[in-house]
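For reference, the structure discussed in these notes is given below.
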Amino acid sequence: VFGLGYIGLPTSLMFAHEGYPVIGVDTNAETVEKLNNGETHIQEAGLQDYYRQVRAGKDFVATSEPCPADIFLISVPTPVTEDKTADLSYVRSVADTIGRLIRPGNMVILESTVPPRTCLDVIAPIIQQLSGLSYETDYDLVHCPERVIPGKILQELKENGRIIGGATRGAAERAAELYSSFVEGEIVLTDTVTAELVKLMENTYRDVNIALANEFHAVCTALGSDSCEAIDLANRHPRVNIHTPGIGVGGHCIAVDPWFIIESAPEQTQLLQTARKVNDQRPHQVASEVIEELGKLNAKSVAFFGLAYKPDVDDLREAPAVEIVRQVAQHDNLEVLVVEPYVDRLPADLSLPNVKLSSTPVAFADADVVVGLVAHREFKSLKLDGLRRKRVLDFVGMWR
Ligand SMILES: NC(=O)c1ccc[n+]([C@@H]2O[C@H](COP(=O)([O-])OP(=O)(O)OC[C@H]3O[C@@H](n4cnc5c(N)ncnc54)[C@H](O)[C@@H]3O)[C@@H](O)[C@H]2O)c1
């Protein structure tokens, strides 16, 4: 398994638990060392215990040195570049390594999220060039997109259904047999391009619907109506299900995946491009609202609750809350406190002299204004009664 992150590590452990000897390969030496010392490097419910259990059976080893295997599984990052196209450099690098190690009869599985046609137009040619092997006759090439939700990865890896796209039908069937060792959900077979598209369409659906909710919020606010109430009432219609407006879209999936469709079909994706724009503007709008309120109150300090890209996880990648705090903190002479129970240090973007990681009691005591950005479970249960004299801005409806 190439890439021992949020996807690669739990997936490795699932296979190891079923008795497949798994060699986990990661270029990050610190990650490899930590894992070989018995510790996991990511925060995920139940992962540390599960790791301990699987390691006891000695079916998993972490290394930085790739070696031959029967099955190669790719779960490396696929970020989006500044110009909003997929950075496939990690995938290419792993395909290159596999091209040098692969033997006839092996299987190559891509789990990373990629633009459509990556299996056929990027991975297969690299492997063919280096090994002379063709997916049509010599090895199995499949895309098995990952659709788990952080915070419930172990549970969803087992329970969710899987789409398996094979470069040949036989490849899809053999991969389905492999995954059925631990997947309890339905496994549906298709081709690689459809599987690549399905994964992107799922997250794009969410992005577009969140943009709609955010736009409704802006409309309601401009017209003097409470967007939460309006959406609640609209959702009483049996065929309406408007999402909840928020502070923007973050993480490495919903904010990224639509770009992979857009780059593949720019002419056909006007709605998708607009949705991205609407959601990307949201952190800036929230920061402006906070700054305006701070100005009105002549506030000297503000406490933000939450940085993660969504509730109950430690993942700050593409998190709109980080951008909001960064923008507000640009204002001189403002003390900025951040309460984020899931991290023990601030991200590089927030290493500013006036920004401090804080605790709830200190933030409540010291800040003139309290801002809710991420509805972590522990924040929702906070008692705000003692804060009557402070201004509370809740952008995610967690203290309603
Ligand atoms: N995290 C999720 O919830 C999620 C959900 C669905 C899909 N995905 C997709 O899965 C893929 C992996 O995401 P992730 O969240 O696990 O990423 P991650 O950053 O947590 O982990 C990726 C790992 O790959 C390692 N790596 C980078 N280059 C490597 C190489 N050449 N060889 C070996 N290891 C290498 C990194 O050091 C890192 O440990 C991405 O395409 C992502 O879009 C993620």
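Whatever order the structure lists them in is the order used to number ligands and atoms, beginning at 1.
Annotation for ligand 1: atoms under 4.0 Å from non-hydrogen atoms of Pro150 are 3 (O). Atoms of ligand 1 found under 4.0 Å from any heavy atom of Ser75, numbered from 1 in the order shown, are 12 (C), 22 (C). Atoms of ligand 1 lying under 4.0 Å from any heavy atom of Glu146, numbered from 1 in the order shown and given with element: 6 (C), 7 (C). With ligand atoms numbered from 1 in the order given, ligand 1 contributes 6 (C), 7 (C) to contacts under 4.0 Å with heavy atoms of Lys199. Less than 4.0 angstrom separates some heavy atom of Ser93 from each of these atoms of ligand 1: 31 (N). Atoms of ligand 1 lying under 4.0 Å from any heavy atom of Tyr90, numbered from 1 in the order shown and given with element: 27 (C), 28 (N). Each of the atoms 30 (C), 31 (N), 32 (N) of ligand 1 lies under 4.0 Å from some heavy atom of Val94.
A continuous path of hydrophobic side-chain contacts links Ile71 to Leu4 [ILVMFWY only; heavy atoms under 4.5 Å]. Using a 4.5 Å cut-off between side-chain heavy atoms of Ile, Leu, Val, Met, Phe, Trp and Tyr, with links allowed through other members, Tyr20 and Ile164 fall into the same hydrophobic cluster.
Ring orientation note: the planes of His17 and Tyr50 are tilted relative to one another, at an angle of 30° to 60°. Between Phe364 and Phe305, the ring planes are tilted. Angles from 30° to 60° get that label.
Looking at Asp49 and Arg52, a side-chain N of the basic residue comes within less than 4.0 Å of a carboxylate O on the acidic one, giving a salt bridge. Using a 4.0 Å cut-off between charged side-chain N and carboxylate O, Lys34 and Glu30 make no salt bridge. A salt bridge does not link Arg326 with Asp349: none of the charged nitrogens is closer than 4.0 Å to a carboxylate oxygen. Ion pairing between Asp207 and Arg276 holds under the 4.0 Å rule for side-chain N and carboxylate O.
When the options Asp257, Val148, Ile74, Thr113 are ranked by their closest heavy atom to atom 9 (C) of ligand 1, first place goes to Thr113. Among Val76, Thr97, Asn203, Thr78, the residue whose heavy atom sits closest to atom 11 (C) of ligand 1 is Val76. When Leu110, Asp26, Val91, Asn28 are checked for heavy-atom proximity to atom 36 (C) of ligand 1, Asp26 turns out nearest.
Here the CG-CD distance, from Leu357 to Glu340, works out to 8.0 Å after rounding to the nearest 0.5 Å. Note that CG of Asn235 and CZ of Arg239 are 13.5 Å apart. Values are rounded to the nearest 0.5 Å. Rounded to the nearest 0.5 Å, atoms CZ (Arg162) and CD (Glu146) are 4.0 Å apart.
The protein non-hydrogen atom at the shortest distance from atom 15 (O) of ligand 1 is Arg317 NH2, 3.3 Å. Here the heavy atom of the protein found nearest to atom 21 (O) of ligand 1 is Gly5 CA, 3.1 Å. In this structure, the protein non-hydrogen atom closest to atom 2 (C) of ligand 1 is His252 NE2, 3.2 Å. Closest to atom 35 (C) of ligand 1 among all protein heavy atoms lies Thr27 OG1, 3.3 Å. What sits closest to atom 33 (C) of ligand 1 on the protein, heavy atoms only, is Val25 O, 3.4 Å. For atom 16 (O) of ligand 1, the nearest protein heavy atom (residue, atom name, distance) is Ile7 N, 2.9 Å. Among protein heavy atoms, the minimum distance from atom 24 (O) of ligand 1 is reached at Gly3 CA, 3.2 Å.
In terms of modelled atom types and a separation under 3.5 Å, the side chain of Asn209 and the main chain of Tyr205 share a donor-acceptor contact.
Contacts with ligand 1 closer than 4.0 Å are made by no heavy atom of Pro145, backbone or side chain. Looking at Glu30 against ligand 1, nothing comes within 4.0 Å, counting heavy atoms. Counting heavy atoms closer than 4.0 Å to ligand 1, residue Ser112 contributes atoms from both its backbone and its side chain.
Checked by atom type, the side-chain pair Glu263/Thr85 shows no donor-acceptor distance below 3.5 Å.
Ligand 1 has no N or O atom lying under 3.5 Å from any N or O atom of Arg147, backbone or side chain.
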